[in-house]
Each structure stands twice: as structure tokens, then as C-alpha cells.
Engineer: 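First, the structure itself, so that you have it in front of you.
Quantities reported herein were computed from a predicted structural model and do not represent experimental measurements. Just so we're on the same page: letters track the sequence lines, and every chain starts at 1.
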Number of protein chains: 2
Amino acid sequence: MANWSIGELARKTGVHIETIRYFEKVGLLETSGRTEGGHRVFGDRHLRSLKFIKRARELGFSPQEVRALLDMGGPEDACCDEVRDIAVHHLEDVRRKIKDLKRLEELLASTVDRCSGSHVSDCAVIDMLEEPVR
Amino acid sequence: MANWSIGELARKTGVHIETIRYFEKVGLLETSGRTEGGHRVFGDRHLRSLKFIKRARELGFSPQEVRALLDMGGPEDACCDEVRDIAVHHLEDVRRKIKDLKRLEELLASTVDRCSGSHVSDCAVIDMLEEPVR
DNA sequence: CCTTGATCCTGTAGTAGCTACAGGTGGCAA
DNA sequence: TTGCCACCTGTAGCTACTACAGGATCAAGG
């Protein structure tokens, strides 16, 4: 009935206990209730938020972006322009990274192709690394 | 005539002074000579190594990979299978990253498309973030 | 009721890969 | 020789966690 210890929450979400406490400390996860003895007690809200945070982090949203998403209501609230903006911004970021990595892939692939792999005095890989940037 | 202070080396390579000292400390860059007063004096080898390290890091080689490349002779020595192996491994890594990012790009792009950007009760972006992972 | 062992608590320190100080010297030109 | 910049070491900061140490709490079995 939605009354979990930190360990149970960790098992449910796959997020380390220490990380849950960390999220709480830095304000990503709202503070939980406590037992008489001081143990944390979590409910549905926390489970939902934590899953949300985890998923967003896995999808590459930065902690700042996650915080922004949560601050504007998180999974509890309706969609708004800002949510979309963050996603769009993140998408642009992802596309930039893909572009960079593709350039790098080409460079690496062609270099490796040119490299014989034997002990010769000029090595394509080393050459590539010695070239000035761009 | 190849006798540079740390500041000159920093300007030549675009690597921060602190970072040069850090590279030296962790063994990426070999230790330099010193003046009477204890100031570092760098030569051509250092300049070359440092440029190599910088370039390799920019191309996404991990510090461990850079160290391995340097350990097997760095820019001074001939090419060998191991150099190629490291490059190939790195290439595979880059390709994996590209693949992951492309999947993410699709997900984000289609989600953003479906998101109206207005205050409605179900938001595609939020929905995406609430979905269980795979 | 009491013990036992798993779980939890706080606080601190560690991780990578740097970056940024603080407080103190060296180098060099006027 | 004075002035000032560059340099030195050592330590602390950064992000986003992770991992302890030393102690308290919880729940189940006897």
C-alpha cells in the first residue's frame, strides 16, 4: 500500500540507495516521510518521480534539464511549451553529437584502413593523432 | 631552441597550465627538466607528446587509451598491431554511441512532433519519460 | 520480551579528469 | 634593487555519483 523503505524503492527502480539519498539531498526527489526511528518512508509519488528521473537521465537529459522538467510539474502535471523546449533543445544536442561522432567515425575508419598493422615507420593512426586539429 | 616554460607550452598547445602539470603528475606527460629555481623547462618531445595527448583526447580516446598509445612508443615510435587495436576498439565504441544516439534521436523527434506544446493533460514528452525502459 | 541480523541512518571521503585557488618563490627588465 | 609577472606546491573545488565507517532501527524468531 505504497509505503516503502529506501531499499524496496531501490529494488523497484534499480537506483542505488545512495543515489536516492543523493537525489533527495540535491532536491531532485522530494523529501520523504520518516518512521519514528528516522527511516525514510516513500510513497507512490516518490516511486513515480524516481522512475521519471532515472528514465530522463538514461535518455541523456542533464540533471539540470531533469530538474527543470520536474520543477514545471514533472509527471504530475500537464504539458507545456517549456517541456517541449527542453526536449527540442536536447534533440538538437543529440543531433550535434551524432554529427561529430560520424565525422570521427569516418576519420577513424579510413585511418584504420590505411594502417597495415605492422611495424613500419609511418603509421596512419599515429599520423592522424599528430595532425593539427582540423 | 626548444626550451619553453610551462606558460609558453600552454600557449603553444592550448592546454591549460594546470592540466599540463596534471598530465605530468599522472604520468601521461614525461617529467620535464627544471631551472635552478625549480621552474619546469620543456623541450620538443614534450611539445609533441602534449599535442598528441590533446588530439587523442579530442578524438575521444580515453585517458587509458592515450596512456596505452603513449606507452607503446607514442608519436616517437613505429606503428604496431596494438595501436591499430586501440583505434579499432575506439571505432567500435564510436559506432555503438552513434547507434544509441540515433535511436534516441528518433524517439525524441517523434515525441516532440506529437507534443502540441499546449497545456493538455497528456504530453508526449512526459509520456515518453514515464514509459518503462524498453 | 529479547536477541539477532538485516537494513537503515548520517557524515565523510573517494572516483575521474580536470580546474581554481592560496600563499609563497623565481626570473627578468628598468 | 625593486617591481611585477610567471611560476611553484598543495589543497580544494567541480559533477554526479558511489562507497565506506560507525552507529541506530526494524522485524522476525525464540
Engineer: Give the rounded distance in Å between these two atoms: CD of A:Glu18 and C1' of C:dT7.
Structural biologist: 12 Å
Engineer: Starting at CD1 of B:Ile17 and ending at P of D:dC8, how long is that distance when rounded to a whole Å?
Structural biologist: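 Value for this atom pair: 8 Å.
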Engineer: D:dT9, OP1 or OP2 - any side-chain N/O from B:Arg40 closer than 4.0 Å?
Structural biologist: yes
Engineer: Given D:dC17, C:dG27, C:dC8, which nucleotide is nearest the side-chain atoms of A:Tyr22?
Structural biologist: D:dC17
Engineer: For B:Asn3 and C:dG27, what is the distance between atoms CG and C1' respectively, to the nearest whole Å?
Structural biologist: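 Going from CG in B:Asn3 over to C1' in C:dG27 covers 14 Å.
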Engineer: Could you tell me whether the phosphate oxygens of D:dA16, OP1 or OP2, come under 4.0 Å of any side-chain nitrogen or oxygen in A:Gln64?
Structural biologist: yes
Engineer: Checking contacts here: which listed nucleotide (D:dC17, C:dT19, D:dC7) is nearest the side-chain heavy atoms of A:Phe23?
Structural biologist: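 Looking only at side-chain atoms, A:Phe23 lies closest to D:dC17.
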Engineer: Among C:dA20, D:dT18, C:dC18, find the nucleotide with the atom closest to the side chain of B:Arg57.
Structural biologist: C:dC18
Engineer: Is there a donor-acceptor contact under 3.5 Å from the side chain of B:His90 to the main chain of B:Leu59?
Structural biologist: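 A pair under 3.5 Å: yes.
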Engineer: Pick the nucleotide of DNA chain C nearest each of A:Phe42 and B:Gly38; which residue has the one closer to the 5' end?
Structural biologist: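 Closer to the 5' end of DNA chain C: A:Phe42.
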Engineer: Between C1' on D:dC7 and CD on B:Glu36, what's the gap in Å once rounded to a whole number?
Structural biologist: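 About 16 Å, once rounded to whole Å.
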Engineer: Do the side chains of A:Lys102 and A:Glu106 get close enough for a salt bridge, i.e. N-O under 4.0 angstrom?
Structural biologist: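 The answer is no: the pair does not qualify as a salt bridge.
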Engineer: Could you state the atom-to-atom distance from CZ of A:Phe61 to C1' of D:dA16 in whole Å?
Structural biologist: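 Distance, rounded to whole Å: 18 Å.
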Engineer: Say whether, by atom type as modelled, one donor and one acceptor occur between the side chain of B:Arg57 and the main chain of B:Val66 under 3.5 angstrom.
Structural biologist: no
Engineer: Taking 4.0 Å as the cut-off, does a side-chain nitrogen or oxygen of A:Ser5 come that near to OP1 or OP2 on C:dT7?
Structural biologist: no
Engineer: By nearest atom, which of the nucleotides C:dT19, C:dC8, D:dA16 is closest to the A:Pro63 side chain?
Structural biologist: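 Nearest to the side-chain atoms of A:Pro63, counting from C-beta on, is D:dA16.
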Engineer: From D:dC7, C:dG17, D:dC8, pick the nucleotide closest to the side chain of B:Arg34?
Structural biologist: D:dC8
Engineer: Look at B:Thr35 and C:dG27 and indicate whether a side-chain polar atom (N or O) is within less than 4.0 Å of OP1 or OP2.
Structural biologist: yes
Engineer: Whole-Å distance between D:dC7 P and B:Glu24 CD?
Structural biologist: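 Taking CD of B:Glu24 and P of D:dC7, I get 14 Å after rounding.
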Engineer: Quick one, A:Leu50 and A:Phe42 - any side-chain contact, counting heavy atoms below 4.5 Å?
Structural biologist: no
Engineer: Name the nucleic acid region contacted by A:Arg21, choosing base, sugar-phosphate or nothing; use a 4.0 angstrom heavy-atom cut-off, strictly under.
Structural biologist: base
Engineer: Is the CD atom of A:Glu30 crowded by more than 12 outside heavy atoms at less than 6.0 Å?
Structural biologist: yes
Engineer: By nearest heavy atom, map B:Ile6 and A:Ser62 onto DNA chain D; which one lands nearer the 5' end?
Structural biologist: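 Checking each residue's closest nucleotide, the 5'-ward one belongs to B:Ile6.
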Engineer: To the nearest angstrom, how far is A:Leu29 atom CG from D:dA16 atom C1'?
Structural biologist: 15 Å
Engineer: If you find the nucleotide of DNA chain C closest to A:Gly37 and the one closest to B:His39, which residue's nucleotide is nearer the 5' end?
Structural biologist: A:Gly37
Engineer: Consider the side chain of A:Thr19, meaning its heavy atoms from C-beta on, and name the nucleotide among D:dA6, C:dT19, D:dT18 that approaches it most closely.
Structural biologist: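 The answer is D:dT18.
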Engineer: Check whether any side-chain heavy atom of B:Val94 lies under 4.5 Å from a side-chain heavy atom of B:Lys97, and answer yes or no.
Structural biologist: no
Engineer: When the distance from NZ of A:Lys25 to C1' of D:dT18 is rounded to whole Å, what number comes out?
Structural biologist: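 Rounded to the whole Å, the gap is 11 Å.
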